[in-house]
Amino acid sequence: MLDINLIRENPEAARAGMRKRGMDPSPVDEAVRLDSRWREVLLEAEALKAERNKVSKEIGKMKDKEAREAKIAAMREVGDKIKALDEEIAKLEEDLHAVMSIIPNIPDERVPDGFTEEDNVEVRRWGEHPEGDFYKPHWELGPELGILDFERGVKLAGSRFYVLSGAGARLQRALIHFMLDLHTRQGYTEMYGPFIVRGEILYGAGQLPKFAENLYKDHEEDLYLLPTSEVSITGMHMDEIIEEADLPRFYTAYSPCFRREKMSAGRDVRGIKRGHQFDKVEMYKFCKPENSADELEKMVADAEETCRLLGIPYRLILKCAGDTSETAHISYDLEAWSAGCQEWLEISSISNVGAFQARRAKIRYRPENGGSVQPVHTLNGSGLGLPRTMIAILENNQQPDGTVIVPEALRPWMGGIEVLEKA
RNA sequence: GGAGAGGUCGCAUAGUCUGGCCUAGUGCGCACGCUUGGAAAGCGUGUAUACCGAAAGGUAUCGAGGGUUCAAAUCCCUCCCUCUCCGCCA
């Protein structure tokens with residue numbers, strides 16, 4: 001959510017941001033209109049409340065019965081007016097809130113123009129593409145090695161589910177281990193929390209109401225399965241005021257992620273690229289506004305280090321305005337090359353969200369110099385999505401004989417397995 | 001799942017029965033000042049958040065949301081959470 005003061009003082013900035021994303025900027029005008037009407041009615045209601053508070057206090061001290069009754073009758077009328085105005089205020093607030101929550105974050109000036117993936121800008125590349133005519137896609141390679149079972153996944157839970165077994169399951173666990181240890185070394189604190197969260201937590205992170213249909217929900221309580229641990233980490237400090245001395249805070253967390261993928265029905269159905277359940281290790285930062293730009297670059301470097309240590313060739317993409325998440329000022333994507341599918345796979349998305357989520361989730365900090373509290377900035381980035389990292393490793397590291405070499409970095413957790421081969 | 005006790009401005013507590021001097025008291029912590037060679041102690045002052053307003057000031061918030069009333073921390077209803085005991089079960 002943007003700051004209402006910005007909408008008031010510089011609505012053109014918000015409009016320009018929406019245009020840059022290819023959106024119709026009219027919600028900004030609607031917000032300006034609702035806000036000004038809201039203030040008008042609020043002023044009126046508060047004046048009446050001030051009067052009522054004052055007179056009510058007098059009534060408490062009055063001895064004269066008749067005069068007292070007269071005042072009570074008068075205040076009863078004032079009370080009715082207040083009630084009507086309060087209802088109007090509540091309605092205006094609701095409408096304003098609804099409009100404010102569809103106005104996206106303003107893209108950073110470095111964000112390139114454009115509305116589709118085509119307009120994203122490649123920043124840099126690392127690593128060599130494996131060349132050869134023997135590279136198979138993972139959906140063939142995995143079952144052949146006996147580590148990936150699509151049929152049983154479907155039997156258990158339907159399409160877009162799969163089962164990892166033996167060395168496949170172990171490889172994923174090794175990756176989780178490796179990433180958490182790496183991020184800890186990079187300065188992040190490991191967190192483990194609920195994989196099910198309340199609706200208000202999703203709201204604070206900006207997932208609700210917009211993405212309601214993409215979430216799995218408990219059938220009788222206001223609880224949802226996590227679509228990403230970005231949500232739970234944001235919620236970690238919801239409604240808190242953090243002392244400046246306690247910033248920045250860096251967190252890393254492993255969690256499964258659950259998504260109904262309603263919006264991408266029929267897309268990427270093959271293999272493990274897009275499942276309803278996948279694991280992810282997340283990086284997250286809460287910091288002061290003046291540091292978020294630098295922290296973003298550092299987080300990108302942390303994600304790149306993960307790829308390099310695993311030997312995964314990648315390219316770093318700066319997303320164009322139309323392709324940048326609505327909560328973000330600016331987003332980078334890290335894409336891994338997969339030799340079997342012959343395509344770039346998004347394995348990490350790293351964003352500076354600025355105050356956008358913090359404002360919504362009421363996460364603020366108290367400056368040491370005594371200034372007033374203000375929203376912190378938040379950043380989030382995948383420390384790599386596990387399935388796509390698995391794809392890259394399996395496909396790129398395969399040998400002409402159909403075996404797969406385990407990256408050195410993962411060996412400490414592989415129990416002596418250096419090569420994946422048919423059991 | 002059953003029974004009970006609770007949730008108050010950083011922390012700890014008073015206030016709730018009996019609605020109005022609650023503009024929420026007190027202690028601790030914290031900040032500043034006085035005192036001191038310096039410190040501790042002591043003394044004094046200050047110490048939530050949001051919104052409206054140029055300001056003065058006003059409004060709201062006592063777990064959340066409704067209700068009663070001229071007036072609600074206080075009375076009523078619903079919900080959330082915590083603790084204790086019982087039952088059941090990883």
Side-chain angles (χ1 to χ4, degrees), chain A residues 1-9 31-101 193-204 208-209 217-224 232 235-247 249 286 355-376:
Chain A
M1 178 136 2
L2 292 180
D3 186 351
I4 187 65
N5 289 305
L6 176 86
I7 301 280
R8 236 171 247 165
E9 287 154 24
V32 168
R33 193 186 66 75
L34 288 166
D35 175 59
S36 110
R37 175 67 187 149
W38 171 75
R39 281 188 291 169
E40 207 175 290
V41 182
L42 186 70
L43 201 70
E44 204 180 330
E46 289 195 346
L48 287 176
K49 284 178 185 174
E51 188 196 349
R52 183 177 65 180
N53 286 346
K54 185 166 140 271
V55 175
S56 288
K57 217 159 273 179
E58 287 166 16
I59 290 173
K61 292 174 189 148
M62 286 173 79
K63 298 283 182 258
D64 185 288
K65 201 150 196 184
E66 228 165 86
R68 185 185 158 96
E69 287 304 321
K71 288 276 193 192
I72 288 176
M75 283 309 105
R76 194 173 293 146
E77 259 175 58
V78 171
D80 289 343
K81 277 187 207 155
I82 290 174
K83 195 168 184 185
L85 290 173
D86 273 348
E87 274 164 23
E88 190 177 352
I89 289 167
K91 178 78 172 80
L92 285 164
E93 279 175 356
E94 194 185 312
D95 292 349
L96 180 59
H97 214 242
V99 175
M100 287 299 286
S101 61
F195 299 152
I196 302 175
V197 295
R198 298 172 189 274
E200 66 195 72
I201 301 292
L202 286 144
Y203 181 82
L208 281 179
K217 186 182 185 311
D218 181 279
H219 75 284
E220 53 182 15
E221 294 190 79
D222 185 33
L223 292 172
Y224 298 79
S232 55
M236 212 71 78
H237 289 298
M238 192 158 103
D239 292 320
E240 289 184 16
I241 297 175
I242 302 171
E243 297 301 326
E244 180 175 342
D246 294 329
L247 287 176
R249 306 195 72 97
F286 296 87
F356 201 81
Q357 281 173 326
R359 200 172 288 118
R360 201 158 159 143
K362 298 193 178 69
I363 305 167
R364 294 162 295 173
Y365 79 101
R366 195 189 309 281
E368 270 164 354
N369 64 19
S372 60
V373 296
Q374 55 174 312
V376 300

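Proteins get letters first, then strands, A, B, ... in listed order; numbering begins at 1 in each.
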Using atom [atom1] of [X] as one end and atom [atom2] of [N] as the other, report the distance to the nearest whole Å.
X: A:D222; N: B:G65; atom1: CG; atom2: P; result: 15 Å
X: A:R364; N: B:U49; atom1: CZ; atom2: P; result: 8 Å
X: A:L43; N: B:C52; atom1: CG; atom2: P; result: 11 Å
X: A:R68; N: B:A71; atom1: CZ; atom2: P; result: 13 Å
X: A:R360; N: B:A50; atom1: CZ; atom2: P; result: 19 Å
X: A:K57; N: B:G20; atom1: NZ; atom2: P; result: 12 Å
X: A:L42; N: B:C52; atom1: CG; atom2: P; result: 8 Å
X: A:I242; N: B:U49; atom1: CD1; atom2: C1'; result: 16 Å

If I pick the [atom1] atom on [M] and the same atom on [N], what distance separates them, to the nearest angstrom?
N: B:A90; M: B:G15; atom1: P; value: 45 Å
N: B:U47; M: B:A56; atom1: P; value: 15 Å
N: B:A40; M: B:G25; atom1: P; value: 28 Å
N: B:U8; M: B:A54; atom1: C1'; value: 36 Å
N: B:C81; M: B:G65; atom1: C1'; value: 15 Å
N: B:A24; M: B:G19; atom1: C1'; value: 15 Å
N: B:A71; M: B:G20; atom1: C1'; value: 7 Å
N: B:C11; M: B:U18; atom1: P; value: 31 Å

Can you tell me whether the side chain of A:R52 and the base of B:G20 have a donor-acceptor pair closer than 3.5 Å?
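A donor-acceptor contact between them is absent.
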Kindly indicate, with the supporting measurements, whether the criterion side chain to side chain contact (heavy atoms under 4.5 Å, CB included) is fulfilled by A:M100 and A:I7.
CA-CA 9 Å; A:M100 287 299 286; A:I7 301 280; 3.8 Å; yes
Who pairs with [N] - Watson-Crick or G-U, where each distance is under 3.5 Å:
N: B:G1; value: B:C86
N: B:C28; value: B:G10
N: B:C22; value: none

Taking all heavy atoms of A:F286 and all of A:L247, pick out the closest pair and write down the distance.
O-CD2, 3.7 Å
Which residue lies more 5' along RNA chain B, comparing A:E87 with A:S56 via nearest heavy atoms:
A:S56
5' priority, RNA chain B, between A:E51 and A:I241 [closest heavy atom]:
A:I241
Considering only side-chain heavy atoms of A:K49, which listed nucleotide, B:C52, B:U59, B:A50, is closest?
B:U59
Between A:V78 and A:V55, does a side chain to side chain contact (heavy atoms under 4.5 Å, CB included) hold up when you go through it step by step?
CA-CA 11 Å; A:V78 171; A:V55 175; over 6 Å; no
Can you sort out which residues in residues 71-83 of chain A have a heavy atom within less than 4.0 Å of RNA chain B? Ascending by number, please.
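Result for residues 71-83 of chain A: A:I72, A:M75, A:R76, sorted by number.
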Run A:K91 and A:D95 through salt bridge (Lys or Arg N to Asp or Glu O under 4.0 Å) and show every step you take.
CA-CA 6 Å; A:K91 178 78 172 80; A:D95 292 349; 3.0 Å; yes
Would you say that A:R198 contacts A:M238 through its side chain, given a criterion of any heavy-atom pair below 4.5 Å between the two side chains?
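The answer is no, as the side chains (C-beta and beyond) never meet within the 4.5 Å cut-off.
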Close side-chain approach of A:R68 and A:I59, heavy atoms under 4.5 Å:
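A side-chain contact exists here, since the closest heavy-atom pair is under 4.5 Å.
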Please walk me through it: do A:K81 and A:E44 pass salt bridge (Lys or Arg N to Asp or Glu O under 4.0 Å)?
CA-CA 10 Å; A:K81 277 187 207 155; A:E44 204 180 330; over 6 Å; no
Kindly assign one of parallel, tilted or perpendicular to the pair A:H97 and A:Y203, based on the angle between their ring planes and the thresholds 30° and 60°.
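The rings of A:H97 and A:Y203 lie parallel, inter-plane angle below 30°.
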